[in-house]
Amino acid sequence: MVTGGRKGKENSVVSSPSSDAYRKLLDETFNMNRPRILTFKEKPPTPVEAIPRRLLSPPPRNAKSAKPRRQIPQGSEKTLDAPGIVDDFYLNVLDWSSNNVLAIALGNTVYLWSASDASVEELVTVDDEAGPITSISWAPDGQHVAVGLNNSNVQLWDSISVKLLRVLRDGHQQRVGSLAWNKHILTTGGGDSKIIDNDLRVRSHIVETYIGHHQEVCGLKWSASGQQLASGGNDNLLFIWDRSATSSTSSHQWLHRLQNHSAAVKALAWCPFQGNLLASGGGEGDQCIKFWNAHTGACLNSVETGSQVCGLVWSKNERELLSSHGFSRNHLVLWKYPSMVRMAELCGHTSRILFMTQSPDGCAVATAAADETLRFWNVFGIPELAKPPREESSMPFVDYCIR
């Protein structure tokens, strides 16, 4: 009766003038005639805060742009036979062109596999005196391919006309196990520990020699700017060379000589989103991935992987790094950078993964192992926004077709 909450029959009261006057006095005394005291008809009103809660607790980052978690396939998309592949850690006989054609050397023969229609073509078979083939690298135009040989020569082929354009001789005294392109410059690394720049526009192609390693050079990578060259060798050394600092009159012009690895350094990868960041991987006696500031030579981080590091590839779309391994796991590991948390481990090969290369769109990788299989992995996913391919100017390889 005091609150006035009851109505109808349960709220009926005999009314009299004196009782009405008393109720009015009681309501005024206890403010019972205020409409919102202790009663809500529908739902409680929103409480008034001195400081809005949203100002004290900001919304989570990227709340509107949060992407669904990417599903990483745990197995390979397809597997191809690769009989006769040379089981040699120090070679580099697998590469994927900008025209979506995969080149692989099986013994003395180079095969071209088109990822567009799965067609296979034989490019070249060398004789036993020249072979086996020890390195392969596509030029940026996706048409020309360099083939390093066990006899220290390097052949340059036109993959469309299937024509041998040129043979580079007299540069190395032992096999050429690593190759790297920098526009019209083809850089070669040999078992004789030498690194040579070959300018394919001129007849006398040797324009620069890098002397620093004292064992076989098994890893070569130019930075995206084309100003810095990373080289790794069987002497456990990693060199960073600055193109502007090199000189044909001096044999010791490296920018940094890094000796932190305790095994051969073959795996090298320049970061696509941070130009001065270099990742390197050590062999069986080291098993570490190290990150370097290429400007200062400082080691930024070192991660123990537990297996021989055979290859490294950065994602072109995410801050991720993929490593391929030999003994003892023979698997792939996808890392989140810079935390280096393992995002996925991909298994399938039964022997050490010797070679790894990335598709031109950056979504997939191909790996070749000592188990004589070639496997394709959709590890990096599909980019949100496809960028148009960068046009490359035609390269004047045919100016000097010297045999």
Side-chain angles (χ1 to χ4, degrees), residues 76-88 91-151 153-168 175-181 186 188 200 311 313 349 353-378 389 391-392 394-398 401-403:
S76 56
E77 180 190 14
K78 61 171 64 73
T79 303
L80 304 178
D81 290 329
I85 194 167
V86 179
D87 184 1
D88 193 327
L91 307 185
N92 294 274
V93 295
L94 181 69
D95 199 22
W96 209 327
S97 78
S98 59
N99 287 338
N100 210 17
V101 177
L102 194 78
I104 184 172
L106 303 178
N108 289 3
T109 303
V110 175
Y111 294 94
L112 305 180
W113 182 85
S114 172
S116 302
D117 57 12
S119 61
V120 180
E121 180 182 13
E122 180 181 323
L123 179 67
V124 57
T125 297
V126 300
D127 56 34
D128 291 337
E129 293 182 358
I133 293 164
T134 52
S135 55
I136 293 176
S137 184
W138 285 98
D141 64 357
Q143 177 178 344
H144 300 89
V145 59
V147 179
L149 302 177
N150 194 57
N151 69 353
N153 291 342
V154 178
Q155 296 181 351
L156 183 69
W157 285 82
D158 186 319
S159 64
I160 296 179
S161 63
V162 193
K163 179 181 179 181
L164 178 63
L165 301 179
R166 189 168 184 178
V167 179
L168 307 180
R175 67 181 186 179
V176 179
S178 53
L179 302 167
W181 289 89
L186 174 62
T188 59
L200 301 180
V313 170
H349 285 292
I353 302 174
L354 296 165
F355 317 113
M356 178 169 62
T357 184
Q358 190 173 26
S359 62
D361 63 3
C363 298
V365 298
T367 57
D371 58 11
E372 297 190 332
T373 64
L374 175 64
R375 294 176 181 265
F376 296 83
W377 314 78
N378 286 328
E391 295 184 0
E392 297 285 350
S394 58
M395 302 175 69
F397 292 137
V398 295
C401 297
I402 304 173
R403 298 296 179 90

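In this chain, residues are counted from 1 in sequence order.
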Determine yes or no for a side-chain-to-main-chain donor-acceptor pair under 3.5 angstrom, with [X] supplying the side chain and [Y] the backbone.
{"X": "Ser98", "Y": "Pro140", "result": "yes"}
{"X": "Arg166", "Y": "Trp157", "result": "no"}
{"X": "Asn150", "Y": "Ile133", "result": "no"}
{"X": "Asn99", "Y": "Val101", "result": "no"}
{"X": "Thr357", "Y": "Ala366", "result": "no"}
{"X": "Gln358", "Y": "Val313", "result": "no"}
{"X": "Asp141", "Y": "Gln143", "result": "yes"}

Could you check whether His349 and Thr373, counting side-chain N and O atoms only, form a donor-acceptor pair closer than 3.5 Å?
yes
Do Asp117 and Ser119 have a side chain donor and acceptor closer than 3.5 Å?
yes
Counting C-beta onward and ignoring hydrogens, is there a side-chain heavy-atom pair between [X] and [Y] closer than 4.5 Å?
{"X": "Phe355", "Y": "Thr367", "answer": "no"}
{"X": "Trp181", "Y": "Leu200", "answer": "yes"}
{"X": "Glu121", "Y": "Val162", "answer": "yes"}
{"X": "Val86", "Y": "Leu91", "answer": "yes"}
{"X": "Ser135", "Y": "Val147", "answer": "no"}

Around atom CD of Glu122, are there more than 12 heavy atoms of other residues, nucleotides or ligands at under 6.0 Å?
yes
Over all heavy atoms of both residues, which pair between [X] and [Y] is shortest? Give the atoms and the distance, please.
{"X": "Asn92", "Y": "Gly177", "value": "ND2-O, 2.7 Å"}
{"X": "Leu354", "Y": "Ala370", "value": "CD1-N, 3.9 Å"}
{"X": "Gly107", "Y": "Pro132", "value": "O-CB, 3.6 Å"}
{"X": "Leu374", "Y": "Ala368", "value": "CD1-CB, 4.2 Å"}
{"X": "Ala146", "Y": "Leu179", "value": "O-CD1, 3.7 Å"}
{"X": "Leu112", "Y": "Ala103", "value": "CD2-CB, 3.7 Å"}

Of the options [options], which is the one that meets [X] in a side-chain contact (heavy atoms from CB on, under 4.5 Å)?
{"X": "Gln155", "options": "Val110, Leu123, Leu164, Val145", "value": "Leu164"}
{"X": "Ser137", "options": "Leu94, Val93, Asp95", "value": "Asp95"}
{"X": "Asn108", "options": "Val124, Asp127, Asp128", "value": "Asp128"}

Please list, chain by chain and in numerical order, all residues satisfying side chain to side chain contact (heavy atoms under 4.5 Å, CB included) with Ser359, sequence neighbours excluded.
Trp96, Asp361, Ala364
CA sep, side-chain torsions, deciding dist, call: Thr79, Arg375, side chain to side chain donor-acceptor pair (under 3.5 Å):
CA-CA 4 Å; Thr79 303; Arg375 294 176 181 265; 3.2 Å; yes
Could you check Val154 against Val167 for side chain to side chain contact (heavy atoms under 4.5 Å, CB included), going step by step and ending with a plain yes or no?
CA-CA 6 Å; Val154 178; Val167 179; over 6 Å; no
Side chain to side chain contact (heavy atoms under 4.5 Å, CB included), that's the test. Do Ser76 and Phe376 meet it? Break it down for me.
CA-CA 5 Å; Ser76 56; Phe376 296 83; 5.9 Å; no
Pair Asn151-Arg175, side chain to side chain contact (heavy atoms under 4.5 Å, CB included): steps then yes or no
CA-CA 6 Å; Asn151 69 353; Arg175 67 181 186 179; over 6 Å; no
In Å and rounded to the nearest 0.5 Å, what is the CD1 to OG1 distance from Ile104 to Thr109?
11.5 Å
